[in-house]
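Have a look at the structure below before the remarks.
Sequence lines set the chain letters: A, B, ... in the order given, protein chains first and strands last, and positions in each chain run from 1.
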There are 2 protein chains.
Amino acid sequence: MTTVLLVDDHPVVRSGLRAVIDAGDALRVIGEAATGEEAITLAGALRPDVVLCDLRLGSGIDGIRTTAALRALEPAPAVLILTTFDRDAEVLGAIEAGAAGYLLKDVDPEVIVEGIRRAAGGDMVLAPDLAARVLKGMRSPLPRLTEREIEVLRHLARGSTNREIARTLFVTEATVKSHLAHIFTKLDVDSRSRAIHVAQETGLI
Amino acid sequence: MTTVLLVDDHPVVRSGLRAVIDAGDALRVIGEAATGEEAITLAGALRPDVVLCDLRLGSGIDGIRTTAALRALEPAPAVLILTTFDRDAEVLGAIEAGAAGYLLKDVDPEVIVEGIRRAAGGDMVLAPDLAARVLKGMRSPLPRLTEREIEVLRHLARGSTNREIARTLFVTEATVKSHLAHIFTKLDVDSRSRAIHVAQETGLI
DNA sequence: TTCGGCATCAGCCTTTTGGTTGATCCTTGC
DNA sequence: GCAAGGATCAACCAAAAGGCTGATGCCGAA
């Protein structure tokens, strides 16, 4: 019997997953968590074979950080990411954090069950096109942004001006412009609006 | 016995809702639809008392249009909107389309069951702060944008420059700037980035 | 028909952004 | 220790964006 811990901030989704998973004989849900913190605690106590974890967990730590923390446990559960969109940045981030793969939320129940069984068996569970990229060692077409750049990007997406960003980050406008120039180059755009768009499209923020 | 039709493009969410709703004695799920079109067909055939409908339905018509079509049926089911965010524009749009209210997906199962029961009884089901605005006859605090302005806003959100927007809409940059000035005034912002942010926050686009 | 809202455009001016180049200081890895 | 990458800053220039005022044509409601 493969044991499963569910992590999703929506009770309804948890109920649905539980119904789907417990329907068969091979899998059993042994716990539910609404937040990443809770998931880590519960996983330590319950020692599930597989953790099925939503990428977005409302407030608190996100699915990627949760994955990293879960994989640091001993024994480490297989972590399967549940997501609505197969956005490059986040999914690949989760895989880099040690996830065994991801499932799209809009697939049929059987696919979810099958995915969990494969993850428990040590397989990678990925959509074909993404699997190809991962196996070829390519990260997403988007270069990595540094932490600071992501931070600036977030402020950008809130509509902040360079001056505002500079003030909040306690740096000069020159520094902000420098970060932005790097961000633009990496994202291959030439305006803040388009940077915001690309960042949102790719799940960078 | 109150009958319920579920409309959500995610099978897992439907399973969860079914489990939650069928758990009690008062409600019974009599059908599930993955799209708005399917929902309208099924509602006509099954005549549910309440339709629980996700606001976002992937491809095809959205929750608002679905609501409008459902309310045009005879007899019309009570339509309860399911959503992740209580974004003004969309939720109010759904209510204008005849929805009996909305439920946030992250509430507890009991709240959902209670909401369905109240909707079946003809009540409005709204979060307190929004209820206040609706009852006071106020639409959202945001002024209405014209169609053209929304159109410009959409291009804006894709990161287009004024020149690009002008070209695609076959007008001059002066016109685009004029529309933008109106948009900025109405949204109470002073930059395109912030306009994008506000528009996304409020579900305007 | 007159008025208001909407879409269209123009000119002028200031501010903000973006491009470029180059520099310093730190940390980390080899 | 040195190279590489990252964060920080500066100065200069060109382009884009934004603020303001005002004008025209169209349409529908009062």
Side-chain angles (χ1 to χ4, degrees), chain A residues 68 89 92-93 96-97 137-201 204-205, chain B residues 89 138-201 204-205:
Chain A
L92 286 173
E96 286 184 347
M138 297 170 57
R139 200 181 151 69
S140 92
L142 289 174
R144 273 205 112 75
L145 297 193
T146 67
E147 278 191 33
R148 198 57 160 170
E149 284 161 0
I150 294 281
E151 199 171 356
V152 170
L153 199 48
R154 278 190 224 283
H155 287 284
L156 203 65
R158 294 198 204 103
S160 303
T161 63
N162 293 344
R163 187 169 306 174
E164 287 167 346
I165 298 174
R167 281 189 191 141
T168 3
L169 299 186
F170 299 105
V171 295
T172 64
E173 281 188 59
T175 303
V176 174
K177 287 182 70 172
S178 170
H179 287 311
L180 279 180
H182 292 145
I183 292 170
F184 288 179
T185 304
K186 289 181 178 179
L187 299 188
D188 189 28
V189 297
D190 53 7
S191 79
R192 44 180 64 225
S193 299
R194 218 183 281 277
I196 293 169
H197 185 235
V198 170
Q200 290 177 342
E201 282 270 294
L204 218 45
I205 55 173
Chain B
M138 297 170 57
R139 203 183 148 70
S140 94
L142 289 173
R144 282 202 107 79
L145 297 192
T146 67
E147 278 191 33
R148 198 57 160 171
E149 284 161 0
I150 294 282
E151 199 170 355
V152 171
L153 199 48
R154 279 190 223 283
H155 287 284
L156 203 66
R158 293 198 206 102
S160 303
T161 64
N162 292 345
R163 186 169 307 174
E164 288 167 347
I165 298 174
R167 280 187 191 143
T168 28
L169 299 186
F170 299 106
V171 296
T172 63
E173 282 188 59
T175 303
V176 174
K177 286 181 73 171
S178 170
H179 286 311
L180 279 180
H182 292 145
I183 292 170
F184 288 179
T185 305
K186 288 182 178 178
L187 298 188
D188 190 29
V189 298
D190 53 6
S191 79
R192 43 181 61 224
S193 298
R194 217 181 282 278
I196 294 168
H197 185 235
V198 170
Q200 290 177 342
E201 281 271 292
L204 215 47
I205 55 173

Checklist entry - For A:E151 and D:dA7, what is the distance between atoms CD and P respectively, to the nearest whole Å? => result 10 Å
Item to check | Atom-to-atom span, CD1 of A:I150 to P of D:dG6 - whole angstrom | outcome: 12 Å
Checklist entry - Is there a side-chain polar atom (N or O) of A:N162 under 4.0 Å from OP1 or OP2 of C:dT16? => result no
Next on the checklist: So, does B:R192 get its side chain near the phosphate of D:dA17, meaning an N or O under 4.0 Å from OP1 or OP2?
Outcome noted: yes
Checklist entry - Do B:H197 and B:R194 meet the criterion of a side-chain donor-acceptor pair at a distance under 3.5 Å? => result no
Checklist entry - Taking the nucleotide of DNA chain C with the closest heavy atom to each, which residue, B:K177 or A:A181, is nearer the 5' end? => result B:K177
Next on the checklist: Tell me which one of A:T168, A:N162, A:T161 satisfies side chain to side chain contact (heavy atoms under 4.5 Å, CB included) with A:H155.
Outcome noted: A:T168
Checklist entry - Is it true that B:E164 and B:R158 make a salt bridge, defined as a side-chain N closer than 4.0 Å to a carboxylate O? => result no
Checklist entry - Counting only side-chain N and O atoms of A:S191, is one of them less than 4.0 Å from OP1 or OP2 of D:dA16? => result no
Item to check | Between A:T175 and A:S178: side-chain donor-acceptor atoms closer than 3.5 Å | outcome: no
Next on the checklist: It should be established whether A:H182 places a side-chain nitrogen or oxygen under 4.0 Å from OP1 or OP2 of nucleotide D:dG6.
Outcome noted: no
Next on the checklist: Could you tell me how far apart A:L169 (CG) and D:dT8 (C1') are, to the nearest whole angstrom?
Outcome noted: 12 Å
Item to check | Nearest to side-chain heavy atoms of B:H179, which nucleotide of D:dC9, C:dT17, C:dA7 | outcome: C:dA7
Next on the checklist: So, does A:T172 get its side chain near the phosphate of D:dC9, meaning an N or O under 4.0 Å from OP1 or OP2?
Outcome noted: yes
Item to check | Spacing of B:E173 atom CD relative to C:dC12 atom C1', expressed in whole Å | outcome: 15 Å
Checklist outcome for this item: Of C:dT17, C:dG18, C:dC9, the nucleotide closest to the side chain of A:L180 is C:dG18
Checklist entry - A:L145 CG to D:dG5 P: how many Å, rounded? => result 16 Å
Item to check | Atom pair distance, as rounded to whole Å: CZ in B:F184 and P in C:dT16 | outcome: 14 Å
Checklist entry - Touch check for B:T146, heavy atoms < 4.0 angstrom, all strands: base, sugar-phosphate only, or nothing? => result sugar-phosphate
Next on the checklist: Can you measure A:D190 atom CG to D:dA15 atom C1' for me and round it to whole angstrom units?
Outcome noted: 11 Å
Checklist entry - Do A:R148 and A:E151 meet the salt-bridge criterion of a basic N to acidic O distance under 4.0 Å? => result yes
Next on the checklist: Categorize B:T175 for me: base, sugar-phosphate, or nothing, with a 4.0 angstrom heavy-atom threshold over every strand shown.
Outcome noted: base
Next on the checklist: Would you say A:R148 places a side-chain N or O within less than 4.0 Å of OP1 or OP2 belonging to D:dT8?
Outcome noted: yes
Next on the checklist: Nearest whole Å is fine: how far is C:dT17 P from A:I196 CD1?
Outcome noted: 11 Å
